[in-house]
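Written out below as structure tokens is the structure these notes cover.
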Amino acid sequence: VDLANDLRAHPGFNEHYQIWAFRYSTGGPFLEAGAQLRREMSQLISMVDPQGCDAALEQIVLLGHSMGGLVARLQTFDSGCQLWNAVANRPLDQIVTDEQTRALLAEQFFFQAQTSVKRVVYLATPHLGSDWANRPIGRLASAMVRPRPGIERRHEQLIRDNPGVFSGELERGIPTSIDMLDPQSPLLRTIRCQPTACWIKLDSIIGTKHIPVFEKPGDGIVRINSALFPGVESQLFVDAKHTEVHRNQDSTSEVWRILQQHLGEVSVEL
């Protein structure tokens, strides 16, 4: 909210940009959040521009803080079979399950980069996870997650009827956003390694707030080496803790600079 209000205060912002917010459950399945964002973006675009005449809707800029950056990351590449192969050793069409579950798995693991998205700004995004996932507070948070009954039943059926097929990461449960912070997650590393679609530009804002000497450099939650991402157009380090990176004035100024640059680069009248 702070970032949105600060951006709206800039002269010219409201004439060229409209803010859409996406809310997802931290305790819900991580890949489901990515699929939900794809689905809701598509539905909203179709609703506000059913004839496909508004060129501005093909110039979406995604801003994602922390895990939101990873959800945004799931909009930027073609998955192919890479994500599925990271968690299963058998093709999806050979998995023993009902068709509804198979369709849900297909939606979450097999997708294409969103053509309407042209730029993504990562704010304190843990592309390589966070050590906090394996500390007591992280394990406690993960243990407190209670999946929806339908998800739990589907997971139990998949593991029971497909012995030896799924990776340990998936056998333990459907990965939530908290689980995806584990630096050892094969799925997280696979997501990071996928090539970004050629039409999407990337920018990073990384927190470097001073922390105790026994900690690795970072914002207190995400190390700098985890927040770094290859191929970004710009990269700004801000003196802010993880929970303040998206509220920091330097971050707001940088986001506004990126939005102005993006506006200047588009070839359509917005």
Side-chain angles (χ1 to χ4, degrees), residues 3-4 7 13-14 16-84 86-87 92-93 99-123 125 127 148 150-151 154 174-177 180 187 190-192 194-203 229 255 258-259 262-263 265-270:
L3 176 59
L7 287 173
F13 177 86
N14 291 320
H16 297 293
Y17 286 99
Q18 182 182 69
I19 295 175
W20 292 352
F22 174 70
R23 186 181 297 273
Y24 67 99
S25 171
T26 303
F30 171 71
L31 292 176
E32 182 181 275
Q36 181 184 351
L37 177 55
R38 286 191 295 275
R39 185 168 58 251
E40 291 187 7
M41 272 200 303
S42 177
Q43 291 172 347
L44 191 52
I45 290 170
S46 296
M47 181 181 71
V48 301
D49 185 30
Q51 303 302 320
C53 299
D54 189 347
L57 290 173
E58 292 298 311
Q59 295 292 339
I60 290 176
V61 179
L62 294 181
L63 279 70
H65 172 251
S66 193
M67 289 303 302
L70 292 181
V71 175
R73 169 70 179 142
L74 292 175
Q75 317 305 312
T76 65
F77 63 89
D78 295 345
S79 66
C81 295
Q82 301 304 311
L83 300 192
W84 181 255
V87 301
L92 177 58
D93 60 6
E99 290 310 309
Q100 185 178 16
T101 299
R102 197 185 314 279
L104 288 172
L105 290 171
E107 181 185 40
Q108 294 175 23
F109 282 90
F110 299 88
F111 51 83
Q112 294 181 315
Q114 299 300 288
T115 57
S116 58
V117 174
K118 295 300 189 294
R119 188 180 290 267
V120 174
V121 183
Y122 296 123
L123 297 100
T125 298
H127 297 286
R148 297 193 302 273
I151 293 176
R154 284 195 172 99
I174 304 294
T176 66
S177 296
M180 288 298 292
L187 188 55
T190 301
I191 289 170
R192 186 183 187 278
Q194 301 313 301
T196 302
C198 61
W199 62 83
I200 299 177
K201 295 183 178 181
L202 307 173
D203 300 273
F229 197 79
V255 170
I258 292 168
L259 292 177
H262 179 72
L263 186 65
E265 291 172 349
V266 299
S267 58
V268 295
E269 228 12 85
L270 297 180

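Residue numbers count from 1 along this sequence.
Side chain of Asp54 to main chain of Ala56: a donor-acceptor pair is present (N/O by atom type, distance under 3.5 Å, no hydrogens or angles). Listed for the Tyr17 side chain is a donor-acceptor partner under 3.5 Å among the backbone atoms of Leu259. A donor-acceptor pair under 3.5 Å is formed between the side chain of Tyr24 and the backbone N or O of Gly68. Put simply, the side chain of Ser42 never gets that close to the backbone of Arg38: no donor and acceptor are under 3.5 Å apart. Within the 3.5 Å criterion, the main-chain N or O of Leu62 finds no donor-acceptor partner in the side chain of Arg119.
For the residue pair Glu32 / Gln36, no side-chain donor-acceptor distance below 3.5 Å is found, with atom types taken as modelled.
Among residues two or more places apart in sequence or in another chain, the side-chain hydrogen bond (donor to acceptor under 3.5 Å, both in side chains) test is passed with Gln43 by none.
For the ring pair (Phe, Tyr, Trp, His ring centres under 6.0 Å) condition, the pairs that include at least one residue of residues 58-78, sequence neighbours left out, are His65-His242, His65-His246, Phe77-Phe111. The list of side chain to side chain donor-acceptor pair (under 3.5 Å) pairs with a residue in residues 105-115, not counting sequence neighbours, reads Arg39-Glu107.
The side-chain heavy atoms of Val120 and Val61, taken from C-beta on, include no pair separated by under 4.5 Å. Contact annotation: the side chain of Arg154 approaches that of Leu104 to within less than 4.5 Å [non-hydrogen atoms, C-beta and beyond]. No side-chain heavy atom of Arg73 sits under 4.5 Å from any side-chain heavy atom of Arg192. Between Val87 and Phe109 there is a side-chain heavy-atom pair separated by less than 4.5 Å. Looking only at side-chain heavy atoms (C-beta outward), Leu187 and Leu31 come within less than 4.5 Å of each other. A heavy-atom distance below 4.5 Å is not found between the side chains of Thr125 and Ser66. Proximity of Thr190 to Gln194: side-chain heavy atoms (C-beta onward) are separated by under 4.5 Å at one or more points. Looking at Leu202 and Thr196, their side chains come closer than 4.5 Å, going by heavy atoms from C-beta outward.
Partner of Gln59 under the side chain to side chain donor-acceptor pair (under 3.5 Å) criterion, chosen from Glu265, His262, His16, Lys118: His262.
With rounding to the nearest 0.5 angstrom, the OG1 atom of Thr76 is 5.5 Å from the CD1 atom of Ile200. To the nearest 0.5 angstrom, Met41 atom CE is 6.5 Å from Ile45 atom CD1. Here the CG-CG distance, from Leu3 to Leu7, works out to 4.5 Å after rounding to the nearest 0.5 Å. Taking CG of Leu57 as the start and OG of Ser116 as the end, the distance is 8.0 Å to the nearest 0.5 Å. Once rounded to the nearest 0.5 Å, the distance linking CZ of Phe13 with CD1 of Ile19 reads 4.0 Å. Rounded to the nearest 0.5 Å, atoms CG (Leu74) and CG (Leu83) are 7.5 Å apart.
By the 30° and 60° cut-offs, the orientation of the rings of Phe110 relative to Trp84 is tilted.
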